[in-house]
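Heads up, the thing below is written out as structure tokens.
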Number of protein chains: 2
Amino acid sequence: MKEQAEPAGTADQRREQMLRAALDVIAERGYAETRIADVAERAGTSPALVIYYFKTKDQLLTEAIRYSEDSWYEGGTARMAAIETAAGRLAEIVAMSCFPEADADRSSSLLWLDLWSQAARHPGVASVRQKFDERWRDTISALVLAGQADGEFGPVDAADFAVTLSALLDGLSIQIALGDPVVDAARAFELCMRFVTGQLGFEWEPPARRQVPGPG
Amino acid sequence: MKEQAEPAGTADQRREQMLRAALDVIAERGYAETRIADVAERAGTSPALVIYYFKTKDQLLTEAIRYSEDSWYEGGTARMAAIETAAGRLAEIVAMSCFPEADADRSSSLLWLDLWSQAARHPGVASVRQKFDERWRDTISALVLAGQADGEFGPVDAADFAVTLSALLDGLSIQIALGDPVVDAARAFELCMRFVTGQLGFEWEPPARRQVPGPG
DNA sequence: AGGGACTGACTGAATGTTCAGTCTAGGAAC
DNA sequence: GTTCCTAGACTGAACATTCAGTCAGTCCCT
């Protein structure tokens, strides 16, 4: 038995280890600049083994992105399930996009920029994004319908609202990810919540559990 | 004398010709996959000449992006100058983002995806984006103030509105650029105008000059 | 003649992928 | 219990290609 950095474990663990390593490197160097050798080094193995698990570099990176998006989404929905009101869950959705560093996988927003630009040319990445966006909009839409059924929200077209809100969140994420001096996470959150409450016609007070920027 | 595709002309013309060629290639292959040889071929010259004009590949691509953004912005503002009402000018702003193909430089929205992802790592590109966004938000903000002075628009914080609208436009541009089946240009335009009119409190009727999708 | 525009032929480094094996665990045969 | 065998995990060393950037020199205009 040889002692590696990690006990190596099963093949599935190895795969996941490599996916995480790939995400680390993508966050640091960007999708296009990520080399197999980097991923291998980060995972404590050789480039050959990386190719052994994922046939090509493209496949590795595409799977890594899917992995990241899935765990980001799952983490969020798990957190949402613990919230009582539809308004609170909607606030959580907005917070997920505005405060990415609060998540287990930090720097998901930087990853999105690469996801979008790669989706333009790589069909594999495009389908990841497509499914991800669809799921995301469906989540918002279902949440609106639930809130309307409860009488929390006013009447708006749920599908239209979902498209608009997700676009707004994407746009704000860009500014946050790129560190725009005018649009930091706190302001993005506030502006977004203002839009949401205005559209759906409800008042929102911070649940005092999650830290929210004080009044300006 | 050998006949090239173009008579070559002055050095400045050559530069611009190369910048245009670079934009063509970036649109086709993406920023990261763009090779000097591609640009040279498209411009009808040799790779060596491209390096002769732009010292490095980075410089070529960065300048190309700046060139594209500038001409997109200038084209838009020129068109806006011909519009009487603030509401009409605001509609033009929204249209600029939603119908990029109508512009001289098509496919500017695909370029944005690369711009954002490259801005995350390349300081040169980052500053292009930074200045571009600032100018864009200032334009919106000034327009809102003008409309308020004319009594066309209701009272909203111009700066907040500019941040929100520009983010919304960015987000919708992503969907349009990537050909999302749920969000085409017409729907994006309609949703965006609904947001704008709702926030600023004015009615908007298509000026009948620019083609706008008829009612559903 | 001289200088700027321009080129073909190179080079050197980077890097994805292949390949020919090595090592280990575990099961079957005896 | 020992031996043999196999499949899968894993590796070091190469291979093949791609591509940015260099250079020595040519052509043309003034």
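Here is how names work: the chains are called A, B, and so on, in the same order as the sequence lines, proteins then strands, and each is numbered from 1.
Each end of the helix from C:dA1-D:dT30 to C:dC30-D:dG1 gets its own axis, taken as the rotation carrying the C1' atoms of four end pairs onto the next four within a five-pair window, and the two axes meet at 10° to the nearest 10 degrees.
Rounded to a whole Å, the CZ atom of B:R35 is 20 Å from the P atom of C:dA14. With rounding to whole Å, B:E41 atom CD is found 15 Å from D:dT18 atom C1'. Across the protein-nucleic acid pair, B:L61 atom CG and D:dC19 atom C1' stand 13 Å apart, rounded to whole Å. Spacing between atom CG of A:L49 and atom P of D:dA9 amounts to 9 Å, rounded to whole angstrom units. Rounded to whole Å, the distance from CG on B:L60 to P on D:dC19 is 15 Å. In this structure, the CD atom of A:Q17 is 13 Å from the C1' atom of D:dC10, given to the nearest Å.
There is a side-chain donor-acceptor pair under 3.5 Å between A:Y73 and A:T139.
Remark: A:D114 pairs with B:R121 by the salt bridge (Lys or Arg N to Asp or Glu O under 4.0 Å) rule, at least two apart or across chains. Every salt bridge (Lys or Arg N to Asp or Glu O under 4.0 Å) that A:R135 has, sequence neighbours left out, goes to A:D70. Remark: A:A22 engages A:V39, A:L60, A:A64 in a side-chain contact (heavy atoms from CB on, under 4.5 Å) (not counting sequence neighbours).
Regarding contacts with the backbone of D:dT11, every side-chain N or O of A:Y52 stays at 4.0 angstrom or more from both OP1 and OP2. OP1 or OP2 of D:dC10 sits under 4.0 Å from a side-chain N or O of A:Y53.
Aromatic ring pairs are classed by plane angle as parallel below 30°, tilted from 30° to 60° and perpendicular above 60°; the pair B:W136 and B:F132 is parallel. Ring planes of A:H122 and A:Y31: perpendicular class, angle over 60° (limits at 30 and 60°).
Within the nucleic acid shown, A:F54 has no heavy atom closer than 4.0 Å to any nucleic acid atom.
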Are there any protein N/O atoms within less than 3.5 Å of an N/O atom in nucleotides 17-20 of chain C, and if so, which ones and at what distance?
from: C:dT17; atom 1: OP2; to: A:K57; atom 2: N; distance (Å): 2.9

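Residue B:Q59 qualifies as enclosed at atom CD: its count of foreign heavy atoms under 6.0 Å is above 12.
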Side-chain donor-acceptor pairs under 3.5 Å in residues 166-174 of chain B, sequence neighbours left out?
from: B:S166; atom 1: OG; to: B:A162; atom 2: O; distance (Å): 2.9
from: B:S166; atom 1: OG; to: B:V163; atom 2: O; distance (Å): 3.1
from: B:S173; atom 1: OG; to: B:L169; atom 2: O; distance (Å): 2.8

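The shortest heavy-atom contact between A:A91 and A:F189 is O-CE1, 3.8 Å.
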